[in-house]
A.B. asks: 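First, the structure itself, so that you have it in front of you.
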Protein chains: 2
Amino acid sequence: VFVADRISKVYTMGDVKVHALRDISFSIESGEYAAIMGPSGSGKSTLMHIMGCLDRPTSGSLYLRGKDVSSLTDGELAEIRNAEIGFVFQNFNLLPNISILENVELPMVYAGVPPKERRERAVRALEMVGLGSRLHHKPSEVSGGQRQRASIARAVVNRPAIVLADEPTGNLDSATGAEIMELFDELNAKGNTIILVTHEREVAEHASRIIHILDGEIARMEIRKTN
Amino acid sequence: VFVADRISKVYTMGDVKVHALRDISFSIESGEYAAIMGPSGSGKSTLMHIMGCLDRPTSGSLYLRGKDVSSLTDGELAEIRNAEIGFVFQNFNLLPNISILENVELPMVYAGVPPKERRERAVRALEMVGLGSRLHHKPSEVSGGQRQRASIARAVVNRPAIVLADEPTGNLDSATGAEIMELFDELNAKGNTIILVTHEREVAEHASRIIHILDGEIARMEIRKTN
Ligand SMILES: Nc1ncnc2c1ncn2[C@@H]1O[C@H](COP(=O)(O)OP(=O)(O)OP(=O)(O)O)[C@@H](O)[C@H]1O
Ligand SMILES: Nc1ncnc2c1ncn2[C@@H]1O[C@H](COP(=O)(O)OP(=O)(O)OP(=O)(O)O)[C@@H](O)[C@H]1O
Ligand SMILES: [Mg+2]
Ligand SMILES: [Mg+2]
């Protein structure tokens with residue numbers, strides 16, 4: 001579903017260049033369960049944003065279902081993102097002035113889902129992540145881990161074929177983190193492609209392949225025997 | 001150094017009340033190394049904000065070095081915070097429009113440290129957390145884990161007697177997380193009081209006591225044999 005062909009990302013600040021990604025090539029099959037691990041600052045979020053069609057590479061190409069995304073306009077990218085990809089941001093990225101329920105409804109507003117169905121599906125997604133009693137709180141009125149879970153509910157509510165989750169359990173205790181991993185496991189069992197960034201080994205071990213990133217490059221691929 | 005006497009915190013939203021802390025009492029000795037663990041939403045950050053003099057309890061008292069902080073004005077609280085307490089926020093809380101170097105200098109600006117010394121100490125604190133090559137980046141121009149480390153540098157740069165760190169390693173890979181824990185261990189060895197919130201058992205095991213919070217109450221105290 002994804003093919004990355006020699007993707008590089010260079011951030012230019014004045015006369016300083018930061019090479020966040022250096023000539024990265026790999027492919028992800030449809031329905032695959034992959035994890036990305038690597039040290040802080042190694043380029044994981046940069047790579048996720050490019051795969052999520054939220055950012056463009058400096059050079060190289062990303063193919064989504066065989067189509068080169070760099071050939072698409074911003075509007076077409078936004079449409080693909082909304083229809084196909086659920087993105088869990090490392091910093092949650094919830095809109096601060098609306099409730100977490102309204103935040104979770106947003107992707108369905110763009111997709112044109114009728115209001116009553118939208119509300120029901122958003123409530124159910126939030127109940128699934130344990131936030132049924134916090135629907136009308138604003139993001140600043142819930143805990144860090146609850147914000148993280150709200151952003152996970154928002155990412156999956158539109159039933160995307162691909163879920164990209166950047167450190168989805170960083171703020172969660174092990175029991176709550178295990179519930180979130182169960183959600184991702186179920187989505188993958190139903191055929192959805194799941195790509196997770198994590199620095200927790202026990203989270204990565206849910207995946208069938210772990211891509212190890214070091215200093216903007218793929219250091220090694222670890223294939224896991226799935227039982 | 002801290003005595004909490006029947007501290008409660010109730011958030012009131014319209015007609016809904018959220019009891020985030022319920023009658024919590026405990027004491028922390030000067031120079032102690034304590035960890036706070038508990039499920040997402042159990043009240044850890046709320047408790048940390050009250051101990052950090054960033055928020056007031058709904059009822060009960062917090063004594064800092066024998067003084068009841070609820071008897072202090074906002075100005076006096078800000079002074080105590082700046083002089084005595086280094087706070088690492090769960091959401092980092094860096095000012096977005098200035099560089100991370102300027103963010104780390106801020107506590108010293110309030111404390112009246114001369115500019116040259118301020119700049120040198122801020123650079124050293126950022127080098128200590130591995131960010132020597134990102135000094136002039138804005139918070140949005142570094143990775144999630146780098147923002148977290150910048151907020152740790154800011155918390156320790158004023159040499160506070162007490163460091164309160166809310167999930168300081170949530171966005172860090174194990175090697176980088178271990179470097180941060182070494183920093184906290186050294187600060188404690190020098191006599192500073194360290195209180196960490198974490199959901200990672202291996203981080204909590206650096207402490208000599210783990211306070212387990214459940215649903216706004218202390219569920220149990222775990223005393224660790226320190227070798
Ligand atoms: N401003 C607020 N208004 C209403 N409820 C709030 C507010 N802030 C926090 N809460 C609620 O109080 C409870 C405790 O929140 P707190 O942030 O202390 O939890 P926590 O233990 O730090 O969780 P996490 O591990 O997810 O960070 C949560 O259930 C949260 O929804
Ligand atoms: N806008 C930017 N401008 C300049 N440099 C940037 C920018 N965004 C990221 N970087 C740098 O690019 C590198 C990769 O960042 P990225 O966020 O992809 O890392 P990461 O692997 O996700 O790290 P973490 O595990 O800490 O979240 C980092 O060294 C970072 O400082
Ligand atoms: Mg990242
Ligand atoms: Mg918290």
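Reminder, nothing fancy here: chain letters follow the sequence lines and each chain counts from 1.
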A.B. asks: B/Ser143 versus chain A, heavy atoms under 4.5 Å apart: side chain, backbone, both or neither?
C.D. replies: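 Contact with chain A is through the side chain of B/Ser143 alone.
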
A.B. asks: By a 4.5 Å heavy-atom criterion (distance strictly below it), what part of B/Val142 contacts chain A: side chain, backbone, both, or neither?
C.D. replies: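 Contact with chain A is absent: no heavy atom of B/Val142 under 4.5 Å.
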
A.B. asks: For the interface with chain B, which of A/Pro39, A/Ala175, A/Gly43 has the highest count of heavy-atom pairs at distances below 4.5 Å?
C.D. replies: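 Most pairs with chain B among the choices: A/Pro39.
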
A.B. asks: Looking at B/Gln148, B/Met37, B/Arg149, which one has more heavy-atom pairs under 4.5 Å with chain A than the rest?
C.D. replies: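 If we count pairs closer than 4.5 Å to chain A, B/Arg149 comes out on top.
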
A.B. asks: With chain A as the partner, which of B/Glu167, B/Gln146, B/His137, B/Glu141 has the greatest number of non-hydrogen pairs under 4.5 Å?
C.D. replies: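 Ranked by heavy-atom pairs under 4.5 Å with chain A, first place is B/His137.
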
A.B. asks: Counting only non-hydrogen atoms closer than 4.5 Å, does B/His136 touch chain A with its backbone (N, CA, C, O), its side chain (CB onward), both, or neither?
C.D. replies: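 The backbone, not the side chain.
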
A.B. asks: Counting only heavy atoms closer than 4.5 Å, note whether B/Arg201 contacts chain A via side chain, backbone, both or neither.
C.D. replies: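 Neither part; nothing is under 4.5 Å.
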
A.B. asks: Does atom CZ of B/Arg6 have more than 12 heavy-atom neighbours from other groups under 6.0 Å away?
C.D. replies: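 Count not over threshold, so no.
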
A.B. asks: Any donor-acceptor pair under 3.5 Å linking the side-chain atoms of B/Asp185 with those of B/Tyr33?
C.D. replies: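 Yes, because at least one side-chain N or O of B/Tyr33 sits under 3.5 Å from a partner of the opposite role on B/Asp185.
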
A.B. asks: For salt bridge (charged side-chain N to carboxylate O under 4.0 Å, His left out), just list the numbers for A/Glu105 and A/Arg119, CA-CA rounded to whole Å, side-chain angles, deciding distance to a tenth of an Å, and then say yes or no.
C.D. replies: CA-CA 7 Å; A/Glu105 286 191 36; A/Arg119 173 73 30 137; 2.6 Å; yes

A.B. asks: Between the side chains of A/Asp173 and B/Ser40, does any donor sit under 3.5 Å from an acceptor?
C.D. replies: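 Note: A/Asp173 and B/Ser40 side chains miss the donor-acceptor criterion.
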
A.B. asks: Backbone N or O of A/Gly216 within a donor-acceptor pair of the A/Ser42 side chain at under 3.5 Å?
C.D. replies: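 No.
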
A.B. asks: Where the side chain of A/Arg22 meets the backbone of A/Glu217, is there a donor-acceptor pair that is under 3.5 Å apart?
C.D. replies: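 Answer holds: no.
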
A.B. asks: With chain B, which of A/Gly170, A/Ser174, A/Gly145 has the greatest number of heavy-atom pairs at distances under 4.5 Å?
C.D. replies: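 Greatest number of close heavy-atom pairs with chain B: A/Gly170.
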
A.B. asks: Given a strict heavy-atom distance threshold of 4.5 Å, which part of B/Thr169 is in contact with chain A: side chain, backbone, both, or neither?
C.D. replies: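 Backbone only.
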
A.B. asks: Taking every heavy-atom pair that is under 4.5 Å apart, which of B/Ala20, B/Ser133, B/Gly144 has the most such pairs with chain A?
C.D. replies: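 Looking at each of B/Ala20, B/Ser133, B/Gly144 in turn, B/Gly144 comes out on top.
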
A.B. asks: Under a 3.5 Å distance rule, please check whether A/Glu84 uses its side chain to pair with a backbone N or O of A/Arg81 as donor and acceptor.
C.D. replies: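 No; judged by distance alone, with no hydrogens or angles, the pair does not exist.
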
A.B. asks: Sub-3.5 Å donor-acceptor pair from the side chain of A/Asn103 to the main-chain atoms of A/Ser99, do we have one?
C.D. replies: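 Looks like yes, one N/O pair under 3.5 Å.
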
A.B. asks: Looking at chain A, which one of B/Thr46, B/Val16, B/Val18, B/Asn91 has the largest number of heavy-atom pairs inside 4.5 Å, strictly under?
C.D. replies: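 Ranked by heavy-atom pairs under 4.5 Å with chain A, first place is B/Val18.
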
A.B. asks: Where on B/Thr176 is there a heavy atom nearer than 4.5 Å to chain A: the side chain, the backbone, both, or neither?
C.D. replies: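 It is the side chain, since no backbone atom gets that close.
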
